[in-house]
Amino acid sequence: MSSTTTDYKVSFDSFKNVINNELVTTANTRHSVNPSTEEALWEVPVSTQEDVDKAVSAAKAAFPAWSKLSQDERAEYLSKLADAIEAHKDEFAVLVGKETGKPPQTAGFEMFLVMGLARETLKLRLKEEKKIDDADRTAIVRYVPMGVGVGIVPWNFPLTLGVGKVFPALLAGNTFIWKPSPFSPYSALKLTELAIKILPPGVLQALSGTEDLGPLLTAHPDVAKISFTGSIATGKKVVAACAGTLKRVTLELGGNDAAVVCDDVDIDSVAARIAFLTFIHNGQICMAIKRIYVHESIYDKFLAAVVAVTKTFKFGDYTDAEAFAGPVQNRMQFDKLQKFYAQIGTEGWKTALGGEPGPKEGKGFFMPPTIIDNPPEASSIVQDEPFGPIVPLLKWSDEEDVIRRVNAAKVGLGASVWSKDVPRAQRIVEQLQAGSIWVNTHFELAPNVPFGGHKESGLGMEWGEVGLQGWCNPQAYWIKHSA
Ligand code: NAD
């Protein structure tokens, strides 16, 4: 633990697995592409069952010593890791830009979230609760680490969502294997490489691979817990795979967040904030606003204001310092979005901005920001999560009715209500079924506040004390004094 930030020098142009504090290549390699240019990025390992077995066995071997350290001792190690990330913050921002397509402003926002999570998580502690303490006996509820944890992460916020698992898992006393998305493996491998000089072998490892790698980890009998962030369809597969060994599972899945706008809002300022919270990172955020319900008495003015603000957003590539958002992250997502855009013609949706793009021209997975004007409630743009820059505005007039429409979704990640009359907004929002509810804001997060989804949006929560406890088994601890 005597390292200084000068020991943390790593090069940002080669990427390997990290197994037992060694950089490891594989017989086969692959690469992902820069979403702005479609150019190939660096080669990365394609991990096999053998690599998984090696990493799990190193993680298992490291667990007894790591879990015996105090929380303060583990926090001290992890604070060095946070220092090392901070020392390379600018290089990570460029790397995240290259692998996700985020322009510098959004990549900088990701690094802000990463550093917040790394630093603030280390201030949390698992606490014991004395439930009984009398002359006869003492009963304590405490939280003990599980063993080998695995984090499976998507491509939209590859570092934030990984760091939001790594730091609590390790602080709680588990060891950890990070499996990034094949679409964005680079920042995870590099961050884990930094840890080689800081953490004992086997404590933090990273494996990259194809879509076949996740199932090897969820099936492994020596993995105690899977923390998964990604789509609902894959989340269901993860639960099914974990059932065989009864692994603990946390799921952070997709959403279809609604914003309910009341008739008394300041139209220009609320429309600007809602436009921002809809199109930030091109709508490729689980908690971006995906349905905007506007009171019918202000609908036309509000729609015009959202359109006017959205027109001012600059879309550009990962080098464009002025750009607000970049391209869609990958070909798979780009193709999935085409199907939503195609329904503008086939379903006759009215567009207030954007529309069906013509044949793709030039490089990069760019899609036009598009606002659909009051489509039928049953249409797929209202019912499904596009995860891209296309959003519907809908009219409402009756409070009960809008609550019913928001809650009709099978998902429940986040929901917000916007009104100058805060008690009224609270009355509405408290009836919405979602893991996060907000008044006069949306996508508001903090490292010490848990987040997660209700209904099909997830299982359990991450971040904050609740998230830290999620990396532990609760344990009832009895002491009989008469002995
Ligand atoms: P995805 O489900 O396709 O992939 C997520 C991860 O799972 C990747 O690392 C992938 O390689 C891995 N994976 C794929 N098949 C697997 C399997 N059978 N077993 C184990 N792992 C497997 O999701 P995506 O397209 O990368 O991400 C987009 C989705 O993620 C959206 O629906 C979005 O809403 C959701 N998301 C949710 C949150 C949240 O916190 N709730 C955050 C970000 C994204």
Side-chain angles (χ1 to χ4, degrees), residues 30 32 35 44 46-47 52 99-100 110 113 117 150-165 177-189 206-220 223 226-244 247 249-257 280-290 328-337 384-388 409-414 434-436 443 445 449-463 467 470:
R30 58 172 295 280
S32 70
V44 283
V46 174
S47 304
V52 168
E99 71 181 342
T100 64
E110 170 135 25
L113 294 175
L117 275 164
V150 165
I152 300 180
V153 178
W155 42 261
N156 63 337
F157 277 82
L159 263 192
T160 311
L161 297 171
V163 165
K165 300 181 195 298
I177 300 168
W178 186 344
K179 194 213 87 61
S181 164
F183 291 114
S184 59
Y186 301 100
S187 54
L189 295 177
L207 296 175
S208 97
T210 64
E211 291 296 8
D212 296 335
L213 177 57
L216 300 182
L217 290 159
T218 54
H220 202 292
V223 171
I226 301 283
S227 174
F228 172 84
T229 304
S231 64
I232 294 170
T234 311
K236 289 178 180 174
K237 288 186 199 160
V238 168
V239 174
C242 290
K247 286 180 182 55
V249 184
T250 300
L251 300 176
E252 301 285 356
L253 307 178
N256 194 5
D257 283 20
I280 177 171
H281 192 32
N282 252 334
Q284 299 172 109
I285 300 183
C286 53
M287 282 182 163
I289 296 173
K290 299 189 178 120
V328 169
Q329 202 270 341
N330 57 68
R331 165 71 67 181
M332 178 272 305
Q333 189 60 25
F334 184 77
D335 291 344
K336 201 177 129 196
L337 280 167
D384 302 326
E385 180 193 43
F387 218 60
K410 280 190 185 160
V411 289
L413 194 57
S436 295
F443 186 40
L445 297 167
V449 178
F451 93 94
H454 291 183
K455 304 200 273 185
E456 290 203 359
S457 287
L459 203 63
M461 293 185 106
E462 294 200 293
W463 305 7

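Whatever order the structure lists ligands and atoms in, that order sets their numbers, starting from 1. One-based numbering along the sequence shown.
- Between the side chains of Lys165 and Thr229, a donor-acceptor pair is found at a separation under 3.5 Å.
- The NZ atom of Lys290 lies 8.5 Å from the CD1 atom of Ile285; values are rounded to the nearest 0.5 Å.
- Between Phe228 and the choices Thr250, Thr218, Thr234, Leu217, the side chain to side chain contact (heavy atoms under 4.5 Å, CB included) rule is met once, by Thr234.
- For ligand 1, the atoms closer than 4.0 angstrom to any heavy atom of Ser181 are 9 (O).
- For Phe451 against Ser436, the heavy-atom pair with the smallest separation is CB-OG, 4.3 Å.
- Contact annotation: Gly453 has no heavy atom less than 4.0 Å from any atom of ligand 1.
- When non-hydrogen atoms are compared, ligand 1 lies under 4.0 Å from neither the backbone nor the side chain of Phe183.
- If you check which protein heavy atom lies closest to atom 12 (C) of ligand 1, you get Ile152 CG2, 3.6 Å.
- When only non-hydrogen protein atoms are considered, atom 35 (C) of ligand 1 lies nearest to Gly230 O, 3.2 Å.
- Of all the heavy atoms in Thr100 and His281, the pair that sits closest is O-CE1, 4.3 Å.
- At a heavy-atom distance under 4.0 Å, only backbone atoms of Leu253 (N, CA, C or O) approach ligand 1.
- The shortest distance between side-chain heavy atoms of Leu445 and Met287 falls below 4.5 Å.
- Shown in contact with Phe451 at under 4.0 Å from a heavy atom are these atoms of ligand 1, numbered in order with element: 40 (O).
- Applying side chain to side chain contact (heavy atoms under 4.5 Å, CB included) to Gln284 and the options Asn330, Leu337, Val328 leaves one that passes, Val328.
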Between Leu413 and Val411, does a side chain to side chain contact (heavy atoms under 4.5 Å, CB included) hold up when you go through it step by step? CA-CA 6 Å; Leu413 194 57; Val411 289; over 6 Å; no
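- Of the protein's heavy atoms, none falls inside 4.0 Å of atom 4 (O) of ligand 1.
- Near Thr234, the atoms of ligand 1 lying under 4.0 angstrom from a non-hydrogen atom of the residue are 1 (P), 2 (O), 3 (O), 13 (N), 14 (C), 15 (N), 16 (C), 17 (C), 22 (C).
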Would Leu216 and His220 count as a side chain to side chain contact (heavy atoms under 4.5 Å, CB included) here? Give the steps. CA-CA 6 Å; Leu216 300 182; His220 202 292; over 6 Å; no
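- Note that the CD atom of Glu99 and the CG atom of Leu159 stand 7.0 Å from one another [nearest 0.5 Å].
- By the 3.5 Å distance cut-off applied to N or O atoms, Pro182 is not counted among the residues near ligand 1.
- At a 4.0 Å heavy-atom cut-off, ligand 1 touches Thr229 through backbone and side chain alike.
- From the protein, the heavy atom lying nearest to atom 18 (N) of ligand 1 is Pro215 CG, 3.6 Å.
- When Ser208, Gly214, Gly414, Ala188 are ranked by how near their heavy atoms come to atom 21 (N) of ligand 1, first place goes to Gly214.
- For atom 28 (C) of ligand 1, the closest non-hydrogen atom of the protein is Phe387 CE2, 3.8 Å.
- The two residues Gln329 and Phe183 come nearest to each other via the heavy atoms NE2-O, 3.0 Å.
- Checking only distances, Val153 does come within under 3.5 Å of ligand 1, N or O to N or O.
- Checked by distance only, ligand 1 and Ser457 stay at 3.5 Å or farther apart across all their nitrogen or oxygen atoms.
- Of the protein's non-hydrogen atoms, Cys286 SG, 3.3 Å is the one closest to atom 39 (C) of ligand 1.
- The minimum heavy-atom distance linking Phe157 with Glu110 is given by the pair C-OE2, 3.3 Å.
- Considering both main-chain and side-chain atoms, Lys237 never comes within under 3.5 Å of ligand 1 through any nitrogen or oxygen pair.
- Between Glu211 and ligand 1, an N or O atom pair is found at a separation short of 3.5 Å.
- Ranking protein heavy atoms by distance to atom 7 (O) of ligand 1, first place goes to Phe228 CE1, 3.1 Å.
- Here's the thing with Thr218: none of its N/O atoms is less than 3.5 angstrom from an N/O atom of ligand 1.
- When each of Leu251, Leu253, Val238 is tested with Leu459 by the rule side chain to side chain contact (heavy atoms under 4.5 Å, CB included), just one qualifies, namely Leu251.
- For atom 25 (O) of ligand 1, the nearest non-hydrogen atom of the protein is Trp155 NE1, 3.0 Å.
- With a heavy-atom cut-off of 4.0 Å, Asn156 touches ligand 1 through its side chain alone.
- Minimum heavy-atom separation, Cys242 to Val249: CB-CG2, 3.7 Å.
- The nearest pair of heavy atoms linking Pro154 to Ser184 is O-OG, 3.9 Å.
- Under the 3.5 Å distance criterion, the side-chain polar atoms of Glu385 are left unmatched by any main-chain donor or acceptor of Gly254.
- When non-hydrogen atoms are compared, ligand 1 lies under 4.0 Å from neither the backbone nor the side chain of Ile285.
- Looking at Glu385 against ligand 1, only its side chain comes within 4.0 Å, counting heavy atoms.
- Near Leu161, meaning under 4.0 Å from one of its heavy atoms, ligand 1 places the atoms 42 (C), 43 (C).
- There is a side-chain donor-acceptor pair under 3.5 Å between Glu462 and Ser227.
- Atoms of ligand 1 found under 4.0 Å from any heavy atom of Val238 (numbered from 1 in listed order, with element): 19 (N), 20 (C).
- Residue contacts with ligand 1 for Phe157 are absent, since no atom lies close enough (heavy atoms, distance under 4.0 Å).
- Distance from atom 23 (O) of ligand 1 to its nearest protein heavy atom, with residue and atom name: Ser231 N, 3.3 Å.
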